[in-house]
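The next block holds one structure in the form of structure tokens; read it before the comments.
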Amino acid sequence: ANTKLMVGALRFTSHAASFVAFERGYFAAEGLDVEFKFFQAAQPMAVAIASGDADYAVTAISGGLVSLAQKGAAKVIGGALSEEKGIDGQKILASNAAYDAGLTSPAMLDGRSYAISQAGSSFHYMGSKISAAEGAKVNFKPLQKVGAIIGALKSGQVDAWSIVPHIAKALAGGGAVKIIGDVADYLPNYQVTTVFTSANNAANERGQTEAFLRAFSRGADDFNAALVDKTAGDEAATEMVRLVHKYVYASKPFEKAEKSIRNGAMRINKNAGLNMASVNDQLNWFKSEKLIKDGITIDTLVDPSYVDAI
Amino acid sequence: MSEGGSETARPDLARPVPFRGGGFRPVAKRGAGIVVFVVLLALAEWGTRTGWITNLTLPRPSDVAATLVELWQSGMFWTHLGPSLTRLVVGSALGVSAGIGVGIMIGLFSYVRAGLIPLVAALFPIPKIALLPLFVIWFGIDEGSKYALIALGTFTPTIVSTYGAVDNVDRTLVRMGQSFGLSWMSIVRKIVLPGALPGILSGLRVSLAIGIILLVAAEMLGAEYGIGAYILQAGSLYDLERLFAGVLILSVLGVITSWAIGLMEKRLLRWRN
Amino acid sequence: MSEGGSETARPDLARPVPFRGGGFRPVAKRGAGIVVFVVLLALAEWGTRTGWITNLTLPRPSDVAATLVELWQSGMFWTHLGPSLTRLVVGSALGVSAGIGVGIMIGLFSYVRAGLIPLVAALFPIPKIALLPLFVIWFGIDEGSKYALIALGTFTPTIVSTYGAVDNVDRTLVRMGQSFGLSWMSIVRKIVLPGALPGILSGLRVSLAIGIILLVAAEMLGAEYGIGAYILQAGSLYDLERLFAGVLILSVLGVITSWAIGLMEKRLLRWRN
Amino acid sequence: MDLTLENITHRYDGLTVLEDVSLHIPAGEILCVIGPSGCGKSTLLRLIGGLERPSAGQILQRGTAPEGCLNPLTYVFQDFALLPWRTVEGNISLVLEDHGIRGAKADHIISDVLARTKLSDFRTALPRQLSGGMKQRVAIARALAVKPAVMLLDEPLSALDAQTRELLMEDMIGLWERQPFTGVYVTHNLAEAVRLGHRIAVLSRRPGRLCEVVKIDIPLTERRAGDARLEAVQAQLWDMMKQEAMAADQELLHV
Amino acid sequence: MDLTLENITHRYDGLTVLEDVSLHIPAGEILCVIGPSGCGKSTLLRLIGGLERPSAGQILQRGTAPEGCLNPLTYVFQDFALLPWRTVEGNISLVLEDHGIRGAKADHIISDVLARTKLSDFRTALPRQLSGGMKQRVAIARALAVKPAVMLLDEPLSALDAQTRELLMEDMIGLWERQPFTGVYVTHNLAEAVRLGHRIAVLSRRPGRLCEVVKIDIPLTERRAGDARLEAVQAQLWDMMKQEAMAADQELLHV
Ligand SMILES: Nc1ncnc2c1ncn2[C@@H]1O[C@H](COP(=O)(O)OP(=O)(O)OP(=O)(O)O)[C@@H](O)[C@H]1O
Ligand SMILES: Nc1ncnc2c1ncn2[C@@H]1O[C@H](COP(=O)(O)OP(=O)(O)OP(=O)(O)O)[C@@H](O)[C@H]1O
Ligand SMILES: [Mg+2]
Ligand SMILES: [Mg+2]
């Protein structure tokens, strides 16, 4: 009998591994009857795991996720998206106005404003790390929604931001903003997103969790081969884009969506390997910013028994 | 003084009494509302066409219309409106009926009144969107939390308007009922409730408007389809045409709701002039 | 029938007239409100201590209190409350005064009324949070957009309550003014405005509650400090203690506002009983 | 059925409204109660009707209620107290429903009382469609429908214009004549009191005490507007009350 | 100053309320207007006061207004129309302010009219603290403050209880006696009409037409309640109106 699973997802290319595993029957092959539950944002997805409305999900490590882990409701069990030098990753953007005023590289960030969605979000982490590396003091502006950030950036009300490549390229291509750097230069091997589940699943549903990770990894392998390493050939790449397009930019015509999907392809870790160093760094950063309680350790957040640490 | 003086100037002349009444009672001017809408739309269209209003500031009305037509033709209109209407109807039915129930209890019983009015006053200014993460835990990510959010949002204003309406029921009518030895239930059913109905219905106007507003907040929670989700998605893509198309749908929904309540008032309150 | 019958049984006995009045007029029971709060808090404390309520569902009241104390001691209380109060005061002052102005115009002039009432009805159900991305463009991400959001949110309800209040001014008083030849401005200033004041003040209650609710929405936009920002951050970090501490502050703010309006009513409306 | 008031005193939060009022109301007689504003007339009526409990003293009913009486002590209110959402017929059936009287039986009673108050043609009208006089006649019809032993009337005509008042007074006398009822009739209007009262109780200003009970020996049916004997009684009552009325009118209300 | 109504007709959206009414109101005389409910009495008064424009016909004023008259045609409303948020004094100064009368001059006028209406002690009271009779006296004081050429009174006593009404009628006669004013006095109450009117205009039911103008030759100061001659006029008026009143009372209102 198949196990019913609810998998939380955003309609982003970064979630493609799950879509591939589903479409190509890898989940079914593991005896998992997967149903997707789509979210508008990452934060409610973490809460949905805690409330039992979703079983597995992939998203960035946020303060909320850490808090839920601390309350014994969620566990990180694997890694997904990673920054990797050489692969097109997240971009650092500057508004046209700021660019014209001299913000042409991240080194000029001092005294600038930097858009984030919320305190403790991945944007906050990246911005904080980048500015620290440049010895710059920046002003973080929480704007909640990506839409609000884009509006603020276009009208020059915030100076800088970092975002996944397809959005960055689309914006820069339209001449609305300028790309001034790569996140990967500052945060090499940054573990952008992780696979996580409820603490109960991690502790008591070992078989099911392992099965999920296996199918997920097969999906990731296909995706990496087709769009990241481009070792599977053009045909496989196009086919992959078609598959992903069912879920991402579905309301846009294929021709328009294709570019965004290809632009957005970033590596998904092999075998859902987890970069513990990066996770540790993120955790320490949360603590140093006093966004989470001091007592939280990496063991509270991560169940390392499922995947290899990178 | 001066006025009296000027009149005495021509003592024997018969003058008509000067008119000094009228006014202070605005009357309905048909069509003025439509004119205002048309003028505003024309201005926006003209402004965006000439570039006087940038496309970052306001979408072109004709583009919004085109987006709506497209939405309709793609069949997605009902895909979005359907779930939203269900949420609105179920959520506000729960909130409104509970609110009316509690409101009537507050209106009738001293202890309920004293115990609950401060609680309602404390609950009213709590922003529902602040509690979104909790709603997921309390009611799940599915329809439950959406119903709960809309129900809670319509609950408090309905309570307030209902107990106000019960308070305003003419107490002589209640005394009349008592003087004829009517039972407590009869008085509540036949005198208090019908007497409070006008106030309850007009309170419903506000409650349902709030319900519509909360649709967007409710659909922040893991909703794929729905007008609120459509708006949120358009917002996150900074797609102003779709954003305005969605807002327009909500606005029309609000006007229709208000009109429907007007109809109910006409039906149920025929006894008023 | 039956009642009459039973009475005829003992014709010559003098019986006291039975009592059948009373009730239907709830009276204030002092302290009942406090009891309800205390019981609810005690229940939550007990529930969270025994684990009957998980720490995912509700924070422990004592922890919330501790968080508040900590917030106070760290000096951050005023750092957050200060900007929020400014936003609330400036935003609602703008919205309320514009709303009263427009409301009075609607109450006095037929064309304004006919032109604006449908517009207000269409604007009312528009969710302000849906327009957040636009507010960034229109008013910037600094204080401007926060003031604008709160102003817009308090504007429409104030209009509605104000023109309702103007409509309810006793028209015989206006006719009286005219019959004594008072000028139009005198009638508006000395009769219409004071007569509408009670309705305007009670509308203010609702408008300001909405203003407080919108603080959270307003502080979604690039606010580093503020109660709304504090709540949002707590929400995104799923820090329930801080979330509830923030909500509590808003709730208290709501109660204080309502009390302040009550005070104003007592002062300005001393002429009522 | 007759009523006896024994040493009735009533207070509201320390404010004494009625003091030591004793009265007897024999069956089939109308007692008018007059007195200055605020002297406690309405309070007295509420006490008699059992809508309030006296602070001291007691009110006793004695004897049999008429056959089929549903509500021995029945009010007619000054402002009619009709439910605006019910028709004339619905307003009357309201007081029958609770006694389980419905259908043909209720219909029969309603037709009867509407005929007696000359309202048969307006059975399905709503209160807002009726003139003041008609509304008050509906209120009277409703009271008659429960076959009361005693009718308690609290300034039943004072909300009407003078002409309608004149007409309704004649109607009331007609009703009493056909089927004499016991009545306690509170009024401000001395002309009404002398037209309708077998006896007239005069209360002092607050705290209301019983000043005097004046008996008028002329049968109701023989009384006419402008009758010299009635005028004499009226003038006598006015003399008794004038000082009180002036004082009451010069008083600042402490609200 | 005297007033002439020439063939006044008035309609509301096709509903004729007044038809071809011609009247003359000489200075220093009180004209009472009686008629059944809804016959257009208040409308007639509004037309005279210039608060509405007649559909046909015209209303002319002739002659000089008294020295210092601020508002030739001045109303006294049935429900007093006092601003509840102003004191007695404030309600009177309201009608002076617009004429630029303030300070000592206003003070003088206010003291004078309050003395004439026996209200000097209540100068700073708020309307809610006053009894009905006092409120109506404030309204009269306010009217006197503008030294009107003509006082228009729309059922000024009908919101009061019978005793207060009696007292205020005596007051009004006292005021007129000291300084005779021209008055148009609309009332339902025949007793009031025969006590206060030099002439009484009787209107038919709607559309209101002038049925008759009855002249009473007894000086106001000699009229007493219960005067046989007045009773006779009153009975005559009642006969004229009874049919109309009954018909008006039996009418369904079409609202
Ligand atoms: N429920 C109440 N609580 C407190 N005081 C009351 C209450 N009802 C009446 N009173 C006071 O009792 C006094 C007598 O009131 P009541 O209504 O009986 O007078 P009344 O003679 O009927 O007056 P009116 O002629 O004006 O109708 C008044 O001073 C009134 O303010
Ligand atoms: N502004 C108005 N618009 C339409 N109809 C009106 C208006 N004012 C009065 N009427 C109608 O005109 C008729 C006469 O009204 P008016 O108030 O003059 O009568 P009235 O003689 O003063 O009656 P009452 O004795 O009841 O005071 C009534 O039928 C009324 O419904
Ligand atoms: Mg009374
Ligand atoms: Mg009138």
Side-chain angles (χ1 to χ4, degrees), chain C residues 1-33 164-165 167-173 175-176 179 190-191 194-202 259 261-273, chain D residues 1-6 8 10 13 23-25 27 42-75 95-102 105-106 109 145-150 152 182 184 253-255:
Chain C
M1 271 267 155
S2 53
E3 294 183 11
S6 73
E7 278 180 4
T8 55
R10 297 159 295 166
D12 279 339
L13 216 76
R15 290 143 298 138
V17 166
F19 177 68
R20 51 187 174 172
F24 294 99
R25 196 180 286 281
V27 290
K29 301 280 177 197
R30 276 182 156 264
D167 286 356
N168 278 338
V169 172
D170 188 352
R171 280 329 188 239
T172 31
L173 293 182
R175 300 286 163 233
M176 181 276 289
S179 79
K190 298 176 186 168
I191 299 177
L197 197 60
I200 292 176
L201 281 180
S202 81
W259 167 84
I261 293 174
L263 216 69
M264 259 167 83
E265 281 176 341
K266 266 215 193 96
R267 289 224 134 193
L268 294 176
L269 309 180
R270 241 174 311 186
W271 48 270
R272 301 196 306 185
N273 56 350
Chain D
M1 197 164 92
D2 55 351
L3 291 170
T4 312
L5 281 65
E6 293 179 352
I8 296 295
H10 197 65
D13 320 306
L23 263 174
H24 179 71
I25 303 150
S42 300
T43 306
L44 187 70
L45 212 60
R46 283 199 298 276
L47 293 172
I48 297 176
L51 288 181
E52 267 178 79
R53 270 188 273 250
S55 306
Q58 59 178 343
I59 295 158
L60 300 171
Q61 50 186 1
R62 201 186 302 261
T64 59
E67 182 74 32
C69 165
L70 300 173
N71 191 47
L73 298 165
T74 297
Y75 271 88
V95 301
L96 301 175
E97 286 160 14
D98 259 37
H99 298 281
I101 300 176
R102 281 158 213 274
K105 205 163 155 194
I109 295 179
V146 293
K147 297 220 166 64
V150 182
L152 305 170
T182 317
V184 184
L253 305 178
H254 295 288
V255 271

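These numbers come from a predicted model, not from an experiment. Chain identifiers are assigned alphabetically (A, B, ...) following the order of the sequence lines, protein sequences preceding nucleic acid strands; residue numbering begins at 1 within each chain.
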Among R46(D), R53(D), E6(D), E52(D), residue most engaged with chain C (heavy-atom pairs, under 4.5 Å): R53(D)
Part of I48(D) lying under 4.5 Å from any heavy atom of chain C: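 The backbone, not the side chain.
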Residue pair Q61(D) / P18(C): nearest heavy atoms and the distance that separates them: NE2-CD, 3.7 Å
Residue list, side chain to side chain contact (heavy atoms under 4.5 Å, CB included) with R20(C), at least two apart or on another chain: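 R20(C) satisfies side chain to side chain contact (heavy atoms under 4.5 Å, CB included) with L51(D), N71(D), L73(D) once adjacent residues are dropped.
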